[in-house]
Amino acid sequence: MKRITLFVLSIMLLSIILAACGGTTLECDDEIGCVEIGADEPIRIGYMLTISGATAFLGEDSRGGIEIAIDDRGGSLLDHELELVGEDSLCSAEGGQTAAQKVAADTQIVGVVGTNCSSAATSAMPILSEAGLVLISPSNTAPDLTDRAKTWQPGYYRTAHNDLFQGRVAAEYAYNELGARTAATIHDGSPYADGLQAVFADVFAELGGTITFQGAVNVGDTDMRPILTNVAADSPDLLYFPIFEPEGNFIPDQSTEISGLEDTIMFGADGMLVNGYAANTGPAAIGMYMSGPFVSGANYQALLDKWDAKFGGSPPSGFHAHAYDATNILLDAIEKVAQVGDDGSVLIGRQALRDAMTATAGFDGVTGTLSCSETGDCATGEALGIYQITDAEVSGGNWPPEVIFTP
Amino acid sequence: MTDSKPFDWRFLTRAGLLAGGIIIYTAAVGMIAVFQGRELLDGIFTLGQLLLVAPIIGANYIISRRSKGKQSIGHLLGNSAFVSLVAAMPVVALIILEGLIDIRAMFVSISPDLMAILTFGQDKLVGSFILILILIIVGFISSGMMLIQPLYRRAVLVGLGWVLGVGLMSELLTVTLRPLLGRAFLRLFFRNGTLLILSAIVIFFLAASLTFYWPSRKEQLHKRFAIMRPEQRKTLRSGTVVTGVILLLALPWIIGTFPSEILVNVGLFMLMGLGLNIAVGLAGLLDLGYVTNFAVGAYIAGILSTTGELGGAELSFWIIIPISVLAAMLTGFIFALPVLRMRGDYLAIATLGFGEIIRILALSDWFAPVIGGAQGILAIPSPTIGRIVFSGPQQIYYIILAACLLMIFVSFRLNNSRTGRQWMAIREDEDVAAAMGIDTVKAKLLAFTLSAASGGLAGAIFAAKLGTIFPHSFSLLISVNVLSLIIVGGMGSLPGIMVGALFLIGLPELLREFAEYRLLLYGALLIIMMLAKPEGLWPSAARRRELASSTD
Amino acid sequence: MRQRWFENFSWVGFILTSLRIITLVLVVVGIVGTLRSGKYTSSQWISLAVSGLAQGSIYALIALGYTLVYGILLMINFAHGEVFMAGAFTAVFVAEAFNKSGFLSQYPIISILILLVVASLVSMSVAILLERVAYRPLRGSPRLVPLLTAIGASFFLQYTFRGLYGSGFKSYPKVELVSGVINIGGSNIPIVQLVVFFSALLLMLALYWLVERTKMGKAMRAVSENKEVAALMGIDIDRVIVFTFAIGGILAGSAGVINGLYRPQGVNFFMGFFPGIKAFTAAVLGGIGSVPGAMLGGLFLGVFESIGPNLILEGLGIPGANQLKDAIAFTMLVLVLIFRPQGILGERLAEKKA
């Protein structure tokens, strides 16, 4: 027993001496502190996504995008291994808070990609901001998150479209380009869909259109006939339903059985811009419009190929490209502000990192050209596209559909 | 069992196939491949590899235990080799099959990565042989354990257990210990959150030698305690109590923010468990809609205190608490009225329905102008006393602690009261209780109402802790979790509720790292727990007596 | 007389009675309001009701699994929704393969039969495994204990299938044979809804025959009546219980494929959760333990969900009526249980004890 105590004590002593000797050459002069990475230590990046529960497809989708972005850099940055630390933040406020506490407790984490749901970000941001971290989200769309007067906190960024932007573009496109004068909206009780349809309805009315019906379904509903019958009573020109699979599949599919909706244009948003959405929905999806990230061209195709090679199949949701871009913006910013010591150790100033992220401009991502605003909205302007689904997507296996409009 | 044939091939094949099946299962759900990235021992041993060999260890443990050390070494090793070989067969079949057809079109987790792990990076033929060889060697080692003397075996197993435990928890340990001990010191034991070999060896020997020496020390301590004088004992006891109280008060500051966060979550559920226990544990009313009270408490607190758009009252947290509790009690009372005549499972589904109704109403566009609908309530301020702000988990902890202590006191008093006995009579047989002159209507209403109170309290604290409320937080899962923790802890037992909450709420938080397999493991644990201890982890004394006396 | 009335007066009874009256008034006001507004035509009501019947027959098939197990073991098999998911999720891969190879369009009926067999086999195996691992060792323990293992098994199965097949959404291919509409009494009814309804009816009749006319059915009824006596009469209880779980599994698996025909999309690991709760509700509504009760409860719930929100809530001027579908379904359940605490067709159990 005594010998063991002695042994433990001597180890402790030794370590204290070692700790005293091993000083680094870099000095931190950042106002909110630095992350110090030893020569043989990895750079730790966190993710906070919804990995379990009914929304797990969202988290799995984003995580794939993050992992591919890391793979694309050979798994390393500044000659340090990139380590991805994962947290299941669920799709809820309490999940976001707990995950944020865990991430914030780890002083070696440089930045975090996440969260999927705006509710999780709302409760996570005060903690992460306090800890000096940055959070860049691939799929938060709530306007409040980047509104200084509301819940914005320093260190928050997102590559997903603000509802205010996406909803406006959709409404303008519907009114001006498609010539719709009456419209109905359906949401699914998620803050995302509810927010988006509210903005759409406001802008559409502002432009002079009439909103005939605003309703909602529940996640888990499979029978859309009652609500569609309700919508059909006014035979609107357009039905806007910015929701997710599978409710988003049921609406166009079942609408073919409802009289009064024959000429109604179906309009969705990026929650349904999923490889497989068109094939899952079937012929009823032909002609449907969607707004979403400008994912087009060889870059995006390459991302899909990498996905197939790494995970098999195609991404389960529509935010992997946002996640890929978010990760790259974060990694670029780290690369920009990191100070590298002679021995290979790295020092990253936390405020400097935030400044570098805010300064992101003209970033050429797979979701279009991104430039971050003061409050962290990175996807504005041409990073949004309107798509139309054709038979090539439904039965030809083509994805994504062609972009027919950009604001 | 008694006739231990030296080579019972049926039994051995069954054990082997079971082990092989488990390996196939863990491989097919993707656990092996995902956990390959998680090192247990730096650069040597990963969690994925542990999963691969664990079923073999288990099977060998079962077969060698069955032999009770009566077999010769040759027989033992022969049996072990046979079992490992049988277990390896399905895995080898999978390896071969993977090359022939496109399994991945259906089973997404059977990836090239997985194959590389199973074949140790070699081609299929060589890899299969290596795999079989390794499995057999692992089998030999684990059944060889039976040959060691029990005292040493115990020490070795405990040592290995500790290394495994620390290895599994290394990430959490490093994060928690880093601020306390400093990065440089920690790096002696862990590298990037994984255990170093040297520290593993130290832990192993420490744990093993402690187990080895502890029994004799324990006896000495017992002896010393036995010869103490009464007043000495009293001092010792009060000393323990004082230390316990200090520890309880200082706990969040010792363990840091994230563990405190877990503790606060555990506390919230403990609070709800104490409440639900009144309805389920004492009065036997199966309530599957406990989330109703939680939601009412949280929404009342949110509306009354928010400084956001929906607010207006902006009351202090301390005024809100009694209002929330009263509101929850009122809801409990109102919802109890229609279900008074329902029994058992009818009651369960009706209350489940109430829980869903509340969630849907909270989410609905109908009430959105008042309680925010899908967008929830934002900007709920943290509680304050003077200058102290209860913002982080380390501060909220004290509110939870106080609330839990209060509820424990109330429950304790109820347990031994006249009302409590009436409830228990209703729980045992409602008709008989009514015949005995107990006003069952009144007693049931009281049970539902009182039970709701602590749900409302938990809800109010939840709102203040979170700062925001979204309707998605109030799902059926909460009711299920609260019910589960009562049953896992041991129905009607107060310490059981605490143990149950720690186990069912705390453990999954620690399992966070296992991300997508967290709930899978949680489900498996729930089943295993109930199979192993159907009476709960800490059953109440009365329950224990009942179980012992009744044969049914 | 007056004295008697006063003695019998209980204020709980008074509240319950007024509750009934208030709901009745609200329902009537809502229905009158909606009908007077003339927003929907009668053919719209008919097509909603028929689609509700189709939906309800799927609920009923799942509900039968709950009710059969409950009748025999007096336990809620909470994981039954996952049994349904297991079959539906597995068969979707077979359906995809059939569709790709053209087999489906060539031999639609044979394909559907094969799908039914595959899904039933998978669901049956899961149900039997569930009974063997999670329930059998706990027979005779307090009834809340198997409820908890059922909840655990539910998680376990969900995430197992997620690990096996991934978390994305799959969908059944469209079957030409059952698409299209047929005009009945002036309203267009999709053929698939009739197919769903009648195939579910067929399965339920087969079950009814099995329970009422065969030896095994007799054994099942005997075991549900009294286990000890049944055992004394030489009935192998374990076999009967396994058989019951197997039947429940087969019905759930078939429901998975039928559901796939009716609503091809949305196949993923979580798909069993909501139908599971709904079917459980239907089983209780009809009177848990009663086979015809489960059928009736399922159909009733399906139709009510389909026409309830539009018919009742809209007339009351409540916004977002369709969102409240589940809320009024549960409200209705509670009201039915107030009128008949044992469900529509349930017998008054003198609190059978497990």
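For the numbers below, each heavy atom of this structure counts, side chains included, while hydrogens, waters and symmetry mates do not. So you know, we letter chains A, B, ... as the sequences are listed, proteins then strands, and number each from 1.
Residue B:Ala368: no heavy atom, backbone or side chain, is found under 4.5 Å from chain C. Both the backbone and the side chain of C:Leu337 come within less than 4.5 Å of a heavy atom in chain B. Looking at B:Tyr522, only its side chain comes within 4.5 Å of chain C, counting heavy atoms on both sides. For B:Leu445, the part sitting under 4.5 Å from any heavy atom of chain C is the side chain, from C-beta outward, and nothing else. Contacts of B:Leu477 with chain C are made by side-chain atoms alone, with heavy-atom separations under 4.5 Å and no backbone atom involved. Residue B:Leu519 touches chain C through both its backbone and its side chain, counting heavy-atom pairs closer than 4.5 Å. Looking at B:Ile103, there are no atoms closer than 4.5 Å to chain C (heavy atoms on both sides), in backbone or side chain. With a 4.5 Å cut-off on non-hydrogen atoms, B:Ile358 does not touch chain C at all. Neither the backbone nor the side chain of C:Leu335 comes within contact range of chain B; no heavy atoms are under 4.5 Å apart. Both the backbone and the side chain of C:Tyr165 have a heavy atom closer than 4.5 Å to some heavy atom of chain B. In this structure, the portion of C:Ile76 lying under 4.5 Å from any heavy atom of chain B is its side chain and not its backbone. Neither the backbone nor the side chain of C:Phe161 comes within less than 4.5 Å of any heavy atom in chain B. Proximity to chain B (any heavy atom under 4.5 Å) is shown, for C:Ser167, by neither the backbone nor the side chain. If you measure heavy-atom distances from C:Phe273 to chain B, the contacts under 4.5 Å come from the side chain alone. Neither the backbone nor the side chain of C:Ser154 comes within contact range of chain B; no heavy atoms are under 4.5 Å apart.
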Full working for side-chain contact (heavy atoms from CB on, under 4.5 Å) between B:Leu363 and B:His472:
CA-CA 8 Å; B:Leu363 186 64; B:His472 302 276; 3.9 Å; yes
Stepwise side-chain contact (heavy atoms from CB on, under 4.5 Å) check, C:Leu147 with C:Met75
CA-CA 7 Å; C:Leu147 176 72; C:Met75 67 158 285; over 6 Å; no
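The residue among B:Met342, B:Arg359, B:Met106 with the most heavy atom pairs within less than 4.5 Å of chain C is B:Met106. The choice from C:Val145, C:Val334, C:Ile151, C:Thr160 that makes the most heavy-atom pairs within less than 4.5 Å of chain B is C:Thr160. For the options B:Ser109, B:Ser364, B:Ala350, heavy-atom pairs under 4.5 Å to chain C are most numerous at B:Ser364. Counting heavy-atom pairs closer than 4.5 Å to chain B, the top-ranked of the candidates C:Leu19, C:Leu324, C:Ile328 is C:Leu324. Contact count against chain C (heavy-atom pairs under 4.5 Å) is highest for B:Ser484 among B:Ala524, B:Gly536, B:Ser484. Counting heavy-atom pairs under 4.5 Å between each of B:Ile357, B:Val108, B:Ile349 and chain C puts B:Ile349 at the top. Contact count versus chain C (heavy atoms, under 4.5 Å) is highest, among B:Leu525, B:Leu520, B:Val480, B:Leu526, for B:Leu520. Of all the listed residues (C:Ala153, C:Gly166, C:Gly152), the one sharing the greatest number of non-hydrogen pairs under 4.5 Å with chain B is C:Gly152. Looking only at heavy-atom pairs under 4.5 Å with chain C, the residue among B:Leu337, B:Leu521, B:Val34, B:Ile360 that has the most is B:Ile360.
C:Thr149 places a side-chain N or O within 3.5 Å of a backbone atom of C:Ala134 that can act as its donor or acceptor partner. Between the C:Thr90 side chain and the C:Gly87 main chain, no donor and acceptor come within less than 3.5 Å of each other. Remark: the backbone N or O of B:Phe107 is not paired with any side-chain donor or acceptor of B:Arg104 at under 3.5 angstrom. Between the side chain of C:Thr67 and the main chain of C:Gly289, a donor-acceptor pair closer than 3.5 Å is present. Remark: side-chain polar atoms of C:Gln323 are paired, donor with acceptor, to backbone N or O of B:Asp365 under 3.5 angstrom. Put simply, the side chain of C:His80 gets close to the backbone of C:Ile62: a donor and an acceptor are under 3.5 Å apart.
Atom CZ of B:Arg14 sits in a sparse spot, with 12 or fewer heavy atoms from other residues, nucleotides or ligands closer than 6.0 Å. Within 6.0 Å of CZ on C:Arg132 lie no more than 12 heavy atoms contributed by other residues, nucleotides or ligands.
Interatomic distance, B:Leu288 CG to C:Phe280 CZ, rounded to the nearest 0.5 Å: 7.5 Å. With rounding to the nearest 0.5 angstrom, the CD atom of C:Glu305 is 8.5 Å from the OG1 atom of C:Thr281. Within the model, atoms CG of C:Leu285 and CE of C:Met332 stand 5.0 Å from one another, a figure rounded to the nearest 0.5 Å.
Aromatic ring centres of C:Phe269 and C:Phe89: separated by at least 6.0 Å.
For B:Tyr290 and B:Thr351, the side-chain atoms include no donor-acceptor pair closer than 3.5 Å.
Among the residues in residues 22-33 of chain B, those with a non-hydrogen atom closer than 4.5 angstrom to a non-hydrogen atom of chain C are B:Tyr25, B:Ala28, B:Val29.
The side-chain heavy atoms of B:Tyr346 and C:Ile288, taken from C-beta on, include a pair separated by under 4.5 Å. The side-chain heavy atoms of B:Val280 and C:Leu144, taken from C-beta on, include a pair separated by under 4.5 Å. Contact annotation: the side chain of B:Val339 never approaches that of B:Lys444 to less than 4.5 Å [non-hydrogen atoms, C-beta and beyond].
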